[in-house]
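These notes are about the structure you will find just below.
Heavy-atom basis, side chains included; hydrogens, waters and symmetry copies ignored. In what follows, chains carry the letters A, B, and so on, assigned in the order in which the sequence lines appear, proteins first and then strands, with residues in each chain numbered from 1. All values reported here derive from a predicted model rather than from experimental measurement.
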Protein chains: 2
Amino acid sequence: MVPDPVPGAGATDDLFKLLADPTRRRILDLLAERGTLTVGQLAAEFPDLVPSGISKHLMSLRAAGLVRATRDGRQRLYRIDPDALSTALVPWLARYAPYWADALARLRVLAERDRERTR
Amino acid sequence: MVPDPVPGAGATDDLFKLLADPTRRRILDLLAERGTLTVGQLAAEFPDLVPSGISKHLMSLRAAGLVRATRDGRQRLYRIDPDALSTALVPWLARYAPYWADALARLRVLAERDRERTR
DNA sequence: CCAATACATTACTACTAGGTAATGTATTGG
DNA sequence: CCAATACATTACCTAGTAGTAATGTATTGG
């Protein structure tokens, strides 16, 4: 059983700590581009890493609500929680709103173009 | 002398590692809301922290290009590099573009409203 | 000038956390 | 059924780092 992600205290801190690790960011990248992956499929992408290490990372990502898992027989299917990332990051990004306005235009274009392509 | 920030390899990694520390994020927050601060003014905001610790954080932030410093007599004035944050984060955020489109609208509203207020 | 101020820098310590190895727990093909 | 599969979990080790303390370096008021 995975403990509920605490939305109130230290949520931003936990988020950035999770994103600070390159392995976890790569896991998120892989899930973002392939949609759904098992632990084994993910572990295969990290040749110089032991599978249980990946499992541990997935547990922490899951505890933070960034990914979700469903059982499929004896394997677990992991996928990104669609808007957990954005809802967690937006409050922080908003603090630097004045510094962002110009960059947001570019990002918005990318977002909508990609949505056309993948949806 | 501060070494040039390496834009190519591991830039995103360095960025997230920097943002992972709550003290550094708070420093950025303070600079974002007050514009320009000396080391002493910043250190005064961290009662349970020694000034040289703040100085060290500022050095790493400066090495990554997130903040800039100018001399003013015997003190240094620190301020946020206007678009270093966005240019560093946008490439990464773009990877999750499909997950972002809805949140970007909210952020964009915040960005433009804040720009009216502070500019 | 020079003591005091304002940071920067270095050396050191303690704690965190990513990694592995070993073990535990469901699940299922045969 | 049961051995094998697919993860999860625990214990442990080690490297990286935030913090302090001590020292170094400009700068300036008096």
A:Lys56 side chain: which of C:dA8, C:dG18, D:dG19 is closest?
C:dG18

Close side-chain approach of [X] and [Y], heavy atoms under 4.5 Å:
X: A:Leu28; Y: A:Val67; result: yes
X: B:Leu61; Y: B:Ile27; result: yes
X: B:Leu18; Y: B:Ser60; result: yes
X: B:Leu15; Y: B:Leu66; result: yes
X: B:Trp100; Y: A:Leu89; result: yes

With sequence neighbours excluded, what pairs up with [X] under the side chain to side chain contact (heavy atoms under 4.5 Å, CB included) test?
X: A:Ser52; result: A:Val50
X: A:Pro91; result: none
X: A:Pro22; result: A:Arg25, B:Asp13

Following the transitive rule for hydrophobic clusters with a side-chain heavy-atom cut-off under 4.5 Å over Ile, Leu, Val, Met, Phe, Trp and Tyr, establish whether [X] and [Y] coincide in one cluster.
X: B:Leu42; Y: B:Leu77; value: no
X: B:Val90; Y: B:Leu85; value: yes
X: B:Leu58; Y: B:Leu30; value: yes

For [N], does OP1 or OP2 lie under 4.0 Å from any side-chain N or O of [X]?
X: B:Arg76; N: C:dA6; answer: no
X: A:Ser55; N: D:dC7; answer: no
X: B:Tyr78; N: C:dA8; answer: yes

Rounding to a whole Å, what distance do you find between [X]:[atom1] and [N]:[atom2]?
X: A:Lys17; N: D:dG16; atom1: NZ; atom2: P; value: 19 Å
X: A:Asp14; N: C:dT16; atom1: CG; atom2: P; value: 14 Å
X: B:His57; N: C:dT9; atom1: NE2; atom2: P; value: 15 Å
X: B:Met59; N: D:dT17; atom1: CE; atom2: C1'; value: 17 Å
X: B:Leu58; N: C:dA6; atom1: CG; atom2: P; value: 16 Å

Within the sub-3.5 Å range, which N or O atoms of nucleotides 23-27 of chain D have a protein N or O partner, and how far apart are they?
none

For residues 41-57 of chain B, which residue pairs qualify under salt bridge (Lys or Arg N to Asp or Glu O under 4.0 Å), counting only residues two or more places apart or in two chains?
B:Arg26-B:Glu45, B:Arg34-B:Glu45

Tell me the salt bridge (Lys or Arg N to Asp or Glu O under 4.0 Å) pairs involving residues 72-90 of chain A, sequence neighbours left out?
none

Which residue pairs pass the ring pair (Phe, Tyr, Trp, His ring centres under 6.0 Å) test with at least one member in residues 43-97 of chain B, sequence neighbours excluded?
B:Phe16-B:Trp92, B:Trp92-B:Tyr96

Within residues 33-54 of chain A, find the residues that approach DNA chain C with a heavy atom at under 4.0 Å, and present them sorted by residue number.
A:Asp48, A:Leu49, A:Val50, A:Ser52, A:Gly53

List in numerical order all residues of residues 18-28 of chain A for which some heavy atom is under 4.0 Å away from an atom belonging to DNA chain C.
A:Asp21, A:Thr23, A:Arg24

Per the 3.5 Å Watson-Crick/G-U criterion and a run length of at least three, the stems involving DNA chain D are C:1-30 with D:1-30

